[in-house]
2 protein chains.
Amino acid sequence: MLSMLRAAGLRVTAPRRAVVWALAFGPSHSTAMQLLERASAYHPALGRASVYRTLEVLSRLGAVRPWAGVHGEPEFVRVLEGHHHLMCSYCGELEEMPHCGEECPAEELTDGSRIHGHLVELIGVCASCAQKEETCT
Amino acid sequence: MLSMLRAAGLRVTAPRRAVVWALAFGPSHSTAMQLLERASAYHPALGRASVYRTLEVLSRLGAVRPWAGVHGEPEFVRVLEGHHHLMCSYCGELEEMPHCGEECPAEELTDGSRIHGHLVELIGVCASCAQKEETCT
DNA sequence: CTTTCTGCAAAAGATTTGCAGTTCT
DNA sequence: AGAACTGCAAATCTTTTGCAGAAAG
């Protein structure tokens, strides 16, 4: 993501490096505050505002997307590599799904556009809940 | 969505009907405040809190999903019918994509789970921007 | 009739903004 | 040197919560 900053003519500074580091080497989605906390280990002087400002920049570049977490908490998701979840409306858990390769069906839906990332969210009942229910019936 | 409330043993009240009406007959995604405004036409006494509470209930039932809008503003998306967007990271526009049928490839990614809705977001450069760029080169 | 839901207003948070100082290029 | 970026703290705004009263089943 640092190279994306450079390519866009933006500066690569310590605070930005810290946030990118926290994004790249942490979980695929986190809240702004979690990122602040993790990135602080890398650059202790980091302030809240810079985290938000960096996330805004990265969103504009398409490296990250704001996303509403399991209970609606605002989070940011690394999006360059593609991302699939299953939100189970029965147990309320978010199940991360295996990564998709180059030929992810989600990216086939397009016309002349150039896709470089995606976020797929399925809403339904997860396999383990579905099985539990059958057992009950 | 009213029947989903009944099926879950929850009450169907005027405020809830108003919010469901605003969701069902309005755009596929809106902010809580926009819903409040529209639903007020239907039930003028409606208060903010009830909108949030109803949206919370509908999210738990899987009829709606919180979602981060174009610039990250929290919105709610009708999700039962499936939903596809393309976020163009060049022009920043959100392009709504044609609705998918029953055999939407997005829903094929599953194992034993039962899917009843989905939200697909592609991040990339939209067709018209992609074309513009070619012309420039 | 009981339990759930509602509106109000206050409280709690999260995100944004202005500004003086710092740091890339 | 000049423009871009940062941290701080204050301001703004959205969402949540407590509670007394109303209404659905």
Side-chain angles (χ1 to χ4, degrees), chain A residues 1-23 29-61 64-77, chain B residues 1-23 29-61 64-77:
Chain A
M1 311 192 201
L2 297 178
S3 58
M4 296 175 81
L5 287 172
R6 277 193 204 92
L10 297 166
R11 293 185 180 170
V12 173
T13 62
R16 287 181 176 167
R17 239 192 294 266
V19 173
V20 167
W21 176 81
L23 278 167
H29 47 90
S30 335
T31 64
M33 297 309 244
Q34 289 166 342
L35 288 169
L36 169 60
E37 203 169 321
R38 272 188 277 123
S40 291
Y42 186 101
H43 178 66
L46 186 63
R48 279 168 266 295
S50 297
V51 174
Y52 285 108
R53 286 189 277 227
T54 302
L55 288 169
E56 220 253 293
V57 166
L58 292 174
S59 302
R60 271 212 313 278
L61 297 179
V64 135
R65 259 296 277 161
W67 178 73
V70 185
H71 297 296
E73 345 65 276
E75 297 186 336
F76 289 81
V77 187
Chain B
M1 308 193 202
L2 297 177
S3 58
M4 296 175 81
L5 287 172
R6 278 194 204 91
L10 298 166
R11 292 183 181 172
V12 174
T13 62
R16 286 180 177 169
R17 240 193 294 267
V19 173
V20 167
W21 175 80
L23 277 168
H29 47 90
S30 334
T31 65
M33 297 308 244
Q34 290 166 342
L35 289 169
L36 168 61
E37 204 169 321
R38 271 188 280 123
S40 292
Y42 184 103
H43 178 67
L46 184 64
R48 280 170 268 294
S50 298
V51 175
Y52 285 108
R53 286 189 276 226
T54 302
L55 288 169
E56 219 252 296
V57 166
L58 292 174
S59 301
R60 270 213 312 277
L61 297 178
V64 135
R65 260 295 279 163
W67 179 73
V70 186
H71 297 298
E73 345 64 274
E75 298 186 337
F76 289 81
V77 187

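Order of the sequence lines sets the chain letters (A, B, ...), proteins ahead of strands, with each chain counted from 1.
- Contact annotation: side chain of A:Arg11 to base of C:dT25, donor-acceptor pair absent below 3.5 Å.
- Relative to the axis of its first five pairs, the axis of the last five pairs of the helix from C:dC1-D:dG25 to C:dT25-D:dA1 sits at 60°, rounded to 10 degrees.
- For the pair A:Leu55 CG and C:dA14 C1', the computed distance is 13 Å after rounding to whole Å.
- Between the side chain of B:Arg6 and the backbone N or O of B:Val12, no donor-acceptor pair lies under 3.5 Å.
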Distances for protein N/O vs nucleotides 6-10 of chain C N/O pairs under 3.5 angstrom?
{"residue": "C:dT6", "atom": "OP1", "partner": "B:Thr13", "partner atom": "OG1", "Å": "2.6"}
{"residue": "C:dG7", "atom": "OP1", "partner": "B:His43", "partner atom": "NE2", "Å": "3.3"}
{"residue": "C:dG7", "atom": "OP1", "partner": "B:Ala45", "partner atom": "O", "Å": "3.3"}
{"residue": "C:dG7", "atom": "OP2", "partner": "B:Gly47", "partner atom": "N", "Å": "3.3"}
{"residue": "C:dG7", "atom": "OP2", "partner": "B:Ser50", "partner atom": "OG", "Å": "2.1"}
{"residue": "C:dG7", "atom": "O5'", "partner": "B:Ala45", "partner atom": "O", "Å": "3.3"}
{"residue": "C:dG7", "atom": "N7", "partner": "B:Arg53", "partner atom": "NH2", "Å": "2.7"}
{"residue": "C:dG7", "atom": "O6", "partner": "B:Arg53", "partner atom": "NH2", "Å": "3.1"}

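- The stretch residues 48-57 of chain B participates, sequence neighbours left out, in these side-chain hydrogen bond (donor to acceptor under 3.5 Å, both in side chains) pairs: B:Glu56-B:Arg60.
- As a whole-Å value, the separation of B:Arg6 CZ from C:dT4 C1' is 16 Å.
- In this structure, the CG atom of B:Leu10 is 16 Å from the P atom of C:dT3, given to the nearest Å.
- Residue B:Glu75 contributes atom CD, which lies 14 Å from atom C1' of D:dT14 at whole-angstrom precision.
- Within the 4.5 Å cutoff, no side-chain heavy atoms of A:Trp67 are placed close to those of A:Pro74.
- Comparing B:Val12 and B:Met33 by the nucleotide of DNA chain D whose heavy atom lies nearest to each, the residue mapping closer to the 5' end is B:Met33.
- Atom OH of B:Tyr52 is separated from atom P of C:dA12 by 18 Å (rounded to the nearest Å).
- Per the geometry, CG belonging to A:Leu35 stands 14 Å off P belonging to C:dA14, to the nearest Å.
- Using modelled atom types, one side-chain atom of B:Glu73 and one backbone atom of B:His71 make a donor-acceptor pair closer than 3.5 Å.
- A straight line from CZ of B:Arg17 to P of C:dT4 spans 19 Å, rounded to a whole angstrom.
- Nucleotide C:dC5 holds its P atom 12 Å from the CG atom of B:Leu58, rounded to whole Å.
- Judged by distance alone, with hydrogens and angles left aside, the side-chain atoms of B:Gln34 form no donor-acceptor pair with the main-chain N or O of B:Ala32 at under 3.5 Å.
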